[in-house]
Amino acid sequence: MSGRFRAPSGGRVDRAKPVRFSFDGQSYQGVAGDTLASALLANGVHLVGRSFKYHRPRGIVTAGSDEPNALVGVGADDAHYTPNMRATQIEIYEGLVAESQNRWPSLRFDVGAINEAFAPFLSAGFYYKTFMWPPAAWKRIYEPLIRRAAGLGRAPAKPDPDRYTQVYAHCDVLVIGAGPAGMAAALAASATGARVFLCDEQAEMGGSLLSEKTAMIEGQSAGDWTAGALAGLAARANVTLMPRTTAFGWYPHNFLGLCERITDHLAGADPKLPRERLWQVRATEVVLATGALERPLVFPDNDRPGIMMAEAARIYANRFGVLPGNTAVIFTACDSAYRAALDLKSAGVAVAAIADLRAAPGGVWVDRARAAGMEVREATVVTGTTGRLRIDSVNLGKLGPDGRVSASETIACDLLLTSGGFTPSVHLFSQSRGKLVYDEALRAFLPGTSVERERSVGACRGIFDLEAVLNDGTAGGSGAAEAVGFAGAAGRAFAVDGDSVGSDGFIGVTPHGGDPSRTRAWIDFQNDVTENDVKLAIREGFRSIEHVKRYTTTGMATDQGKTSNMNALGLVSQTLKRPLPQVGLTTFRPPYTPTTFGVFAGQSRGDLFDPVRKTPVHDWAVAQGAVFENVSLWKRAHYFPKPGEDMHAAVVRECRATRQAVGIFDATTLGKIEVVGKDAAELMNRIYTNSWATLEPGRIRYGVILGENGFVMDDGVVGRMAPDRFHITTTTGGASRVLTMMEDYVQTEWPNLDVWLTSTTEEWAVISVQGPLSRKVLEPLVEGIDLSRASMPHMSVREGKICGVPTRLFRVSFTGELGFEVNVPAGYGRAVWEAIVAAGHAYGITPYGTETMHVLRAEKGFIVVGQETDGTVTPDDCGLGWTIGKAKKDFVGKRSLARPAMMAGDRKQLVGLLTVDPKTVLEVGAQVVADPNQPIPMIMLGHVTSSYWSATLNRSIALALVRGGRTRIGTRLSVPMPDGPIAVELVEPIFYDPKGARLDV
Amino acid sequence: MSDLAIRENSLGRLASVIRNIPSATLAVLPDTAKLLFRGRPAAVDVAGRAFGVAMPQEACRFSARGGRTAYWCGPDEWLLQAGGEASAALFASLDAALAGQSYSLVDVSHRSDAITLSGPEAAYILNHGCPLDLSLQTFPVGMCTRTIFGKATIMLSRPAPELFHIDVWRSFASYVWQLLEEACGEFA
Amino acid sequence: MLLIPCPHCGPRAELEFSYGGEAHIARPVDPASIDDDSWVTFLYERSNPRGVHAERWRHLHGCGRFFNVLRDTVSDTIAASYPAGQPRPALSPDGKGTKR
Amino acid sequence: MQSYSAFSLFRQALGGHAGWQRQWRSPQPRTEYDVVIVGAGGHGLATAYYLAKEHGITNVAVLEKGWLGGGNTGRNTTIIRSNYLFDESAALYEHALKLWEGLSQDLNYNVMYSPRGVLMLAHNTHDVQSFKRHVHANRLNGIDNEWLNAEECKAFCPPLNVGGAMRYPILGGALQRRGGTARHDAVAWGYARAADARGVDIIENCEVTGIRRTVNGAVEGVETSRGFIRARKVGVVAAGHTSVVLGMAGVRLPLESYPLQALVSEPVKPAFPCVVMSNTIHAYISQSDKGEMVIGAGTDAYTSYSQRGALHIANHTLDAICELVPMFRRLRMLRNWGGIVDVTPDRSPIIARTPVPGLYVNCGWGTGGFKATPGSGNVFAWTIARDEPHRINAPFTIERFRDGILIDESAAAAVAH
Ligand SMILES: Cc1cc2nc3c(=O)[nH]c(=O)nc-3n(C[C@H](O)[C@H](O)[C@H](O)COP(=O)(O)OP(=O)(O)OC[C@H]3O[C@@H](n4cnc5c(N)ncnc54)[C@H](O)[C@@H]3O)c2cc1C
Ligand SMILES: NC(=O)c1ccc[n+]([C@@H]2O[C@H](COP(=O)([O-])OP(=O)(O)OC[C@H]3O[C@@H](n4cnc5c(N)ncnc54)[C@H](O)[C@@H]3O)[C@@H](O)[C@H]2O)c1
Ligand SMILES: Cc1cc2nc3c(=O)[nH]c(=O)nc-3n(C[C@H](O)[C@H](O)[C@H](O)COP(=O)(O)O)c2cc1C
Ligand SMILES: [Zn+2]
């Protein structure tokens, strides 16, 4: 048998399929269809966890996602371990391994329970009042202690190997919750042809009908009707049924996050399957059918294992065939617990007594209970319970008309069921920003005015009678389809044979007559918040419910107060004598239930975290053993080490080869924009600091772009291909920024200009061939282009062919040597690159990477945007004042340059730095000061922006931005480092071939 | 020297190791000539006549004729595609026809590569990175649009109910391909 | 994730767009002629309203066009979407749509 | 003020905690105050406290439209550090950090300031260089900040994925050991209690709806949901709502309000020892004393007053976290919320006089003002009391935007928070 407490028949589990699992190392048997909670209960296990603060023994309270107590860790190994799972939601499978949490060394004997002894000191917010002395002890002693004591389960210790996926989906009507209301809504909406999604967080759809034994719908049992309804829905092509799928978050414009659990319930799941899937659903209309949650009654010692929600016990009995105890006492403020009592009794549980808070309970359910021989105690409350690891008795008290409680009797039992009525699940409605309205009669907050296109149906809007629920669901489903625009939604009336259990209930702490400072009535089980804690908070001035929440932590645990918030609210209302709606609720936030990080991250891991952009030459460089670096999304070859070389050696070799012979560099990642149209030159004039009107077709100019704030934003060379056509290059990281900015001006400021922009970054592969022998290498490869000095001077561009394919050949140099940038259509990039390498073989052509590129340009004093500039640098600051077209009236950023501070004399300016000891290489980012011996805080004059070993010059070089730098050239400053100051001389920021003679060849 | 260099498709290598699944099949489309045309209204008709396919005026639609396709990209922007043609010649002929107009024509033949995704699960697979409603009602055959797929921009078009074309910039192509394969994973 | 109506392509997910800040802030025709105070107004000062905000979006991963939207910054409700360059439409009294 | 200590806790425990006094009163607003502070966030409450404590100005009201501490103070990820690049910011945040170090004792309220170290990760060459620039500048400013290579990062924070198959490997990091976290709510409550004890009236549920000015333009008082309150000076510390409040006096500021989201995981036993931030892949994380992983990232794209944000932002935040710490993929998000942060063009705050005599503003803290709370309140109190800025906040004027004297940390380093 699958446990001592399994009824011989009944329920929806499959007794023919035993399932073995382990809990805290002990092996148990359940059956297919069990949750971990039902299987444990079937085996008589009630103690399943320890509470957060006091390590109190705790048992299973609910049968659903609202469970506050039964949190366990699941997973056979570290990589699959998941803490804080609710036993009530875990479907068991063969080999499931679960363990209890927050206890040591064992659940039954937990050292942490010593906290109980200190409970009097651990009142709400106690830590704010102590641990302040001596000040140093907080960090070293108190805080580590507090941290270790807190925290529930343990974090997984190995990387999670499972897959998670994310899908966007659209539907006309999304129905959340597949109880009677949701099923009826889905039936009605889908009948119109609307695309309908129906999701439910549970493994099985049917909601409350799954545990309904007596009511008949349209002449069928609830179970049969449910099966029929679901089969009907499944047969409709326009319906998607989504079990095990929690709608956890509602985001603006009817965008909802749904988490589907795919493999957690399977033993040896197919590894192809993702563990969970995030459905990101845009729904035209949403129907909320999320039901209602039963509310516990709060009384002294209400937290012992064996104290359970009445409805949960009914679910265990009716749905799982499990008897949660032998002898039950029931404490209720409503009729539904009578129904539970009757169902339990018929399943074989003895009902010792029903204590009803109400003065004169009556009606069909009460009559039936009495008729079944149950003793109903009117105006009776629970004043306390006993039992260490499981409840063994209940103290009852008589509630007088004056509110006083007088002791009456003690009853032995191993099960105490409570019900304080139902709280409609308005979480998602509230997330959608709809306003809640308090209904005095129902004692509940109900959905009021909608903000999004949604409607609530059934118990989640306070409709509890099954027939009414079904009809409400139908109306809601039809209404939603109609609102989408589907006609023909037909009304339908369901006939239900069954009795309503009404809507009585109680909110707050039940009267118990005990001394509030000695009794402990638990409001929030998981966070161990008691009646006294809340009262203390109020006494201390925490009057807002938000303050009470944060001071006591009520409602902040992993259940987010699903069962406790209303009682906390009720207690505040009782204590402050302020009507409940005036106290108000705390804010509902996503997720509805805790949701795995992995499913939010989805596929974005490793190489799919961000696109890896590679150039056409990439694979060639890989084959050459290049080391790569990330530059924005791109992979760029950083250097090309030969066997045995480190970066330094490789770079020295690459630099020498380029300066002395010829080097080849992949510049494909540079951004490129084609600017075309009659007004192309006019736009260029307005965007760039330079003047473009005079640039002849076939010539190239270096250009600078500022933000409208006057700071350097990007730079690059621009070729004029034709009077109405420019080929812009930008920095690798700046490409999209520049294009976006230009588009902005073209579209919104100057729409009358006849000019269009096209990104051509990816159209062209750019092969930079640099060095005195570069012309010799290229000459034999080109067709229709005369590379000679006379015909193709520095800073010119020609169109023709190379290796038989079209090229835009730029004669430019970022190295200071004779150089060319060969642009070819990207698909040819690799072939042309290899052809050039082959042709250059005889000349010692050497591939070089970004590091060598940086050294060579630094030797020439060329800036790199983002290195010499940082968003606070003007063109003049970095030595680019010369690019500003003096005659230009306006360009983007010009006006900002006229602001006082932009013209101040002591701005940081670009200079060269030479260390007095030529062997010392400065560190980029090091600070420059006048006097290294001044006291801290020092006056810093600037910082090193670039610094390299120059093989060409056989010494170190650096660039720096230094306050009033240009006037300091020739003087010495200092770079104070932790191990001593480094003396530097300020020089012009150009170290090599200052006249540019090597370019003019 | 005039050896014609060999054109490389950025997806060549990935496509050669594909595991095909019937519910969603990935393949690489052959290279085509692609020009991006933009212009003032007057130029649009001229371009359409010269190209032989009128520029679709309806947003997010493409029209095709005789191997040539014009995709609407924006209110003044079309992608002109010509299978099996040399882009230079096409460029020259359009450019000549458009003389005197206000327009821009840019050869983007190599900027992107293209993927086909076909099969009954194609839309579902695409929705792993694309936020569009891909039902036939809202994304009918004949529709095209730029959109996103994961963290990449793509140009998506639907030539047949269970067939999508994805045109994607070269350096993003392998990312898009891999993400599609990852999404196909549960069917593999 | 907002659903933003592009005047050209129709409603699309926010992911396809980039935000462009407050709308209707025209760059001065002749920046050189205005004083620092006026320039800073153009450059930086924004109305930042709690309520309806005229703002720019660009359908970056779509048709590429900039356009304007009237969005309530408290409820996120979008009341209107119109091409760049057009004046701000008047809202209907309920604030939910434009006046017709 | 009732003294808090282990001893008083012990004594009260014996009496069933019946003897604890209210931490702050809930007074009716008086008709007139010397100073009215608009906004009972951490900064506003600290301002009132220091006005009373250091400037002897106790006829002060702090007006709060909701519940005190319910703005960004109550919804931030509590990262505290002072390793800012520019002298101006470094001075401001270091001033705050020094006050943090003694704050629990000063307020007699344990704000749980936890200097467990803030580690900022570098993922590319640019990050490395920029963080080293910070390290050097901080050292010469007397602020602790040190460079760790990747292995040292791993040693300092073992859960980090260093060297694994990461799209952007961790190349190193800048560590400020004195950086850390504090218990956000306690900061608000501690200041409220201490200010209240010095006579400050903290008035909740009192929304400022207008600012009344005299004929010559000076501030006369504020209109509120609870009537007009006269005031000689008004200090606005309304974070995301500053534009709205200052608009009441006709003052326009270079400010925009954006949603910023944060989230927490379910609580687990200690598994993450410090604060880790990565600006390059956009996420930061620490573990609270209660056990939740406290996680945040960048703002949503658009201006908003709705205190919530988009799902894709949470997705991107968590894909980054899962890259950094792959074993946290199985942790679960417990709650995700938003705040409204007010951002200036240079992302540095404004702590200054306004063009309206008697009206002062402290705003623009954007995504990173919690760490500044004590320092900000301290210098703002000075500014209001003396009608002139303290040396430390002198650079943080409104005029700096006009004059181009920006203090742009993020432009300099793309670092926020
Ligand atoms: C998600 C998130 C994460 C963050 N993370 C960090 C971090 O890790 N580290 C860090 O240093 N900073 C962080 N910040 C920023 C930090 O929270 C803020 O800069 C700081 O808390 C601002 O404090 P404040 O007192 O100025 O504002 P708030 O706490 O917002 O206080 C302003 C108060 O003004 C009130 N108010 C507004 N209008 C009116 C009115 N008309 N009348 C009366 N009262 C009004 C508001 O109700 C509010 O209570 C974060 C912010 C957010 C939102
Ligand atoms: N006092 C009473 O009489 C009383 C009170 C409450 C409920 N009921 C009974 O409950 C039924 C109400 O029907 P109903 O359909 O409104 O509720 P229901 O409880 O039958 O169904 C709600 C369903 O929604 C699901 N759900 C809730 N939140 C979800 C989420 N975020 N994501 C996915 N799924 C979610 C639940 O798993 C459940 O299956 C009736 O049978 C009624 O008689 C009676
Ligand atoms: C550092 C920090 C830790 C938090 N930890 C929790 C927590 O453990 N449980 C919880 O429910 N909320 C937690 N919150 C979130 C708050 O419940 C709340 O969402 C936040 O203060 C914003 O307020 P609001 O959601 O009421 O708008 C935390 C917030 C912060 C700032
Ligand atoms: Zn569009």
Side-chain angles (χ1 to χ4, degrees), chain A residues 82-84 120-121 123 126-132 135 143 146-147 150-156 158-160 251 257 517 536 539-541 544 546-547 550 558 589-591 594-598 600-601 604 606 609-610 630 870-872 899-902 924-927 936-938 940 943, chain D residues 4-6 9 13 16-17 20 22-24 67 70 104-105 109-110 114-115 124-125 129 132-133 136-137 140-142 165 167-168 185-186 266-271 289-291 310-311 314-315 318-319 321-323 326-337 403-405 408 411-412:
Chain A
T82 312
N84 302 341
F121 310 101
S123 53
F126 72 95
Y127 28 79
Y128 304 128
K129 296 175 179 148
T130 179
F131 304 136
M132 286 178 280
E143 192 183 27
I146 290 180
R147 297 191 77 180
L152 286 178
R154 64 181 164 91
K158 289 249 175 68
D160 179 0
Y251 303 87
S517 71
L536 171 65
R539 206 154 52 238
E540 291 194 83
S544 157
E546 298 284 2
H547 279 154
R550 286 161 177 80
T558 72
R589 294 280 189 185
T595 307
T596 315
F597 281 8
F600 289 98
S604 300
F609 178 74
D610 249 357
N630 287 311
D870 66 3
T872 67
R899 292 179 295 172
M902 308 289 266
V924 174
Q927 299 291 317
I936 280 173
M938 291 194 186
M940 288 171 259
H943 71 283
Chain D
Y4 286 172
S5 67
L9 187 66
H17 296 285
W20 292 115
R22 298 192 60 162
Q23 299 197 3
W24 55 85
W67 38 285
S104 295
Q105 287 71 27
Y109 206 94
N110 190 351
S114 170
N124 56 42
T125 315
Q129 294 180 342
K132 286 191 173 169
R133 184 177 166 198
H136 290 299
L140 302 191
N141 263 328
R167 173 70 179 84
Y168 300 106
D185 290 328
E266 294 181 310
V268 286
K269 294 289 173 199
D289 285 347
K290 253 174 52 229
L311 174 56
N315 289 349
L318 288 172
D319 66 22
I321 291 296
C322 292
E323 277 286 284
M327 54 255 216
F328 286 178
R329 245 186 212 107
R330 286 181 109 83
L331 289 187
R332 296 189 296 178
M333 182 204 282
L334 168 60
R335 192 171 167 101
N336 177 199
W337 64 94
D403 300 339
I405 317 173
D408 202 335

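Below, chain A is the first sequence line, B the second, and so on; all start at residue 1. Quick caveat, the model's predicted, so the values are computed rather than measured.
Atom-to-atom distance recorded for D:R332:CZ and A:N84:CG is 7.0 Å, nearest 0.5 angstrom. Atom CZ of D:R329 sits about 13.0 Å away from atom OG1 of A:T82, to the nearest 0.5 Å. Taking CZ of A:F597 as the start and CE of D:M327 as the end, the distance is 13.0 Å to the nearest 0.5 Å. From A:K129, atom NZ reaches atom NE2 of D:H17 across 7.5 Å, with rounding to the nearest 0.5 Å.
Between D:L9 and A:S123, the shortest heavy-atom distance links the atoms CD1-OG, 4.3 Å. Contact detail for A:N630 and D:R167: the closest heavy-atom pair is OD1-NH1, 3.1 Å. Smallest separation of non-hydrogen atoms from A:R539 and D:W20: CG-O, 4.2 Å. Summarising the geometry of A:P156 relative to D:R330, their closest heavy-atom pair is CG-CB, 4.0 Å, with the distance given to 0.1 Å. Residues D:L334 and A:P594 approach most closely at CD1-CG, 4.4 Å, considering heavy atoms.
Among D:A137, D:S104, D:A314, the residue with the largest count of heavy-atom pairs under 4.5 Å with chain A is D:A137. When each of A:Y251, A:F121, A:F126, A:Y128 is checked for heavy-atom pairs under 4.5 Å with chain D, A:Y128 comes out on top. Most heavy-atom pairs under 4.5 Å with chain D, from the set A:T595, A:T558, A:I936, A:I146: that is A:T595. Contact count against chain A (heavy-atom pairs under 4.5 Å) is highest for D:L311 among D:T125, D:N336, D:L311. Chain A forms more heavy-atom pairs under 4.5 Å with one residue of D:I321, D:I405, D:L318 than with any other, namely D:L318. Ranked by heavy-atom pairs under 4.5 Å with chain D, the list A:M938, A:Q927, A:E540, A:M940 is led by A:E540. Contact count versus chain D (heavy atoms, under 4.5 Å) is highest, among A:E546, A:M902, A:K158, for A:E546. Of the listed residues A:S604, A:P591, A:G598, the one with more heavy-atom pairs under 4.5 angstrom with chain D than any other is A:P591. Among D:G142, D:S114, D:G70, D:G291, the residue making the largest number of heavy-atom pairs under 4.5 Å with chain A is D:S114.
Of the possible donor and acceptor atoms, one in the side chain of D:K269 sits under 3.5 Å from a partner among the backbone N and O of A:A150. No donor-acceptor pair closer than 3.5 Å links the side chain of D:D403 to the backbone N or O of A:P900. Without hydrogens or angle criteria, D:Q129 side chain to A:G925 main chain gives no donor-acceptor distance under 3.5 Å.
With a 4.5 Å cut-off on side-chain heavy atoms, A:D870 and D:R133 count as touching. D:V268 is not listed as a side-chain neighbour of A:R154, based on a closest heavy-atom distance of 4.5 Å or more. Considering only heavy atoms from C-beta on, D:D289 comes within 4.5 Å of A:R147 through its side chain.
The part of D:A165 that comes within reach of chain A is its backbone (N, CA, C, O), which places non-hydrogen atoms under 4.5 angstrom from that chain. Using a 4.5 Å cut-off between heavy atoms, A:S544 touches chain D through its side chain atoms alone. Using a 4.5 Å cut-off between heavy atoms, D:A271 contacts chain A through its side chain alone, with no backbone atom that close. In this structure, the portion of D:E323 lying under 4.5 Å from any heavy atom of chain A is its side chain and not its backbone. The part of D:D185 that comes within reach of chain A is its side chain, from C-beta onward, which places non-hydrogen atoms under 4.5 angstrom from that chain. Looking at A:L536, only its side chain comes within 4.5 Å of chain D, counting heavy atoms on both sides.
Residues D:Y168 and A:D610 bring a donor and an acceptor atom of their side chains to less than 3.5 Å of each other.
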